[in-house]
Protein chains: 2
Amino acid sequence: MTSFREKAILEAAKSVFMEKGYSGARMQKIADKANINKSMLHYYFRSKEQLFGDIIEDMTLNIVAKYSCIIDSEITVIEKFDKIIDEYTDLMVQNPYAPLFLLNEISQNNSKHINTMKAAISNSRSSNKFLKQILKEQKLGLIKSTPSNQVIFTVLSLLVFPFIANSFVKNILEIEDESYTQIILERKALIKTVLRQFLMT
Amino acid sequence: MTSFREKAILEAAKSVFMEKGYSGARMQKIADKANINKSMLHYYFRSKEQLFGDIIEDMTLNIVAKYSCIIDSEITVIEKFDKIIDEYTDLMVQNPYAPLFLLNEISQNNSKHINTMKAAISNSRSSNKFLKQILKEQKLGLIKSTPSNQVIFTVLSLLVFPFIANSFVKNILEIEDESYTQIILERKALIKTVLRQFLMT
DNA sequence: GTCTATAATTTGATAGAC
DNA sequence: GTCTATCAAATTATAGAC
């Protein structure tokens, strides 16, 4: 059971880790954000490493759960992509720094937390099932024949990249938060259009 | 004039920074990789911060130069995108970790180096010119009317994301380096096709 | 220019009183 | 459970001999 305090710590830690990354995050800053004494961090979570691990695990499980739920439903490939585009756009609008953070930490951290994510991902055997469905619909002529990994890459690229580039665009091109969100929301329809062109023509 | 030693240090530092990020990088490791005494790092480059700054500046200038060269040539928008897709794919195949590294450091580092990049980017006034060309060709009916920022986002998404997800895909899905490069090279043609569908139909 | 030794600082973690 | 004081380790940076 997670206490009020624990929740406050987790929330503060998540925001600091996402902003600075694991190595750049400071326990003192997490404590400050949680309005708590630094020692208490070690009381509730033994170490920085463990606090980090808990957050990674939580984020991964959330993402995988949402994905599995969509993938396991009995609808067409394109309908699934549409749902993924809608729901993940909304999720990432709430957590715009999450994608870059996760990709980066996975790339840098050479061990433990990757296993956490691997476990979460391979526990759900949804992915294989989805790849099979893509092949099946391609054979039936419902969608064009393209290597399934290229299909996945294309959807993910269009969907995720704008969030990855969020800070870059805002910092370098000096765009404000609201217009950025606006652009992102406009993209939902655009991505669906591009995807249909890609899969059906 | 950069000596042999300086080059060795810069190369070593670049690889360590790209692998671990600024906060995660260790001066000792850079020294080891450059086969040099740790003190010498401070002799040639005053501090970690400055060493990092020099590398960021160098990488940015390289990227901007290549971009400007393509953008300033007298060819159509689609021809420019084709060239960008070809040349940046090749560049990123050589430096697959550069995109994630740069995006991440810009997002995390709240000051100095962002100005380095801003300067490099705004010194070349190519971007505005290119945006104007897009609008012009849209008015002429050569390409479909879509907000130009969405056009840019779409191209960059398709082009850059696979490199950002490089380590993720390799770590989580356990794909080897060669097949990854293969997928990436296949994508050149695919992206051009998708882009034509997007801009012309 | 190069190396050894060491300073100075940061930072994660703990001991111990309350 | 909470706080203060402090430790121990890691890490950047420098002094100074050669």
Report summary line: Assert: residue with more 5' nearest nucleotide on DNA chain C, out of A:Arg26 and A:Ser39, is A:Arg26

Query raised in the report: Separation of B:Met27 atom CE from D:dA10 atom P, in whole Å?
Result: 18 Å

Query raised in the report: Looking only at side-chain N and O atoms, does A:His42 come under 4.0 Å of OP1 or OP2 in C:dA13?
Result: yes

**Report entry** B:Lys48 NZ to D:dA13 P, straight-line distance once rounded to whole Å
**Finding:** 8 Å

Query raised in the report: Do the side chain of A:Asn104 and the main chain of A:Leu100 share a donor and acceptor less than 3.5 angstrom apart?
Result: no

Query raised in the report: OH of B:Tyr44 versus C1' of D:dT14: gap in Å, rounded?
Result: 17 Å

**Report entry** A:Tyr97 side chain vs A:Ser15 backbone, donor-acceptor pair below 3.5 Å
**Finding:** no

Query - side-chain N/O A:Arg5 vs D:dT2 OP1/OP2, d < 4.0 Å - result: yes

Report task. Specify the separation, in whole Å, of atom CZ of B:Arg46 and atom C1' of D:dA13. Result -> 10 Å

Requested in this report: May I ask you to say what B:Ala31 touches in the nucleic acid, namely base, sugar-phosphate or nothing, with a heavy-atom cut-off under 4.0 Å?
Outcome: nothing

Report summary line: In short, salt bridge (charged side-chain N to carboxylate O under 4.0 Å, His left out) pairs touching residues 28-45 of chain B with sequence neighbours left out are none

Query raised in the report: Rounded to whole angstroms, how far apart are CG on A:Leu41 and C1' on C:dT11?
Result: 13 Å

Query raised in the report: Should the ring pair A:Tyr22 and A:Phe17 be called parallel, tilted or perpendicular, given that the plane angle runs from 0 to 90° and is split at 30 and 60?
Result: parallel

Report task. In whole angstrom, give the distance that lies between atom CD of A:Glu49 and atom C1' of D:dA9. Result -> 16 Å

Report task. Would you mind reading off the distance between B:Ile30 atom CD1 and D:dA10 atom C1', rounded to a whole angstrom? Result -> 16 Å

Query raised in the report: Rounded to whole angstrom units, what separation is found between the OH atom of B:Tyr43 and the P atom of D:dA15?
Result: 15 Å

Report task. Report yes or no: is there a donor-acceptor pair, N or O only, under 3.5 Å between the side chain of B:Ser47 and the base of D:dT12? Result -> no

Requested in this report: Among C:dT4, D:dT12, D:dT4, find the nucleotide with the atom closest to the side chain of A:Asn37.
Outcome: D:dT4

Report task. Before giving the answer on ring pair (Phe, Tyr, Trp, His ring centres under 6.0 Å), spell out for B:Phe101 and B:Phe163 the whole-Å C-alpha distance, their side-chain angles and the decisive distance to 0.1 Å. Result -> CA-CA 11 Å; B:Phe101 167 71; B:Phe163 290 92; over 10 Å; no

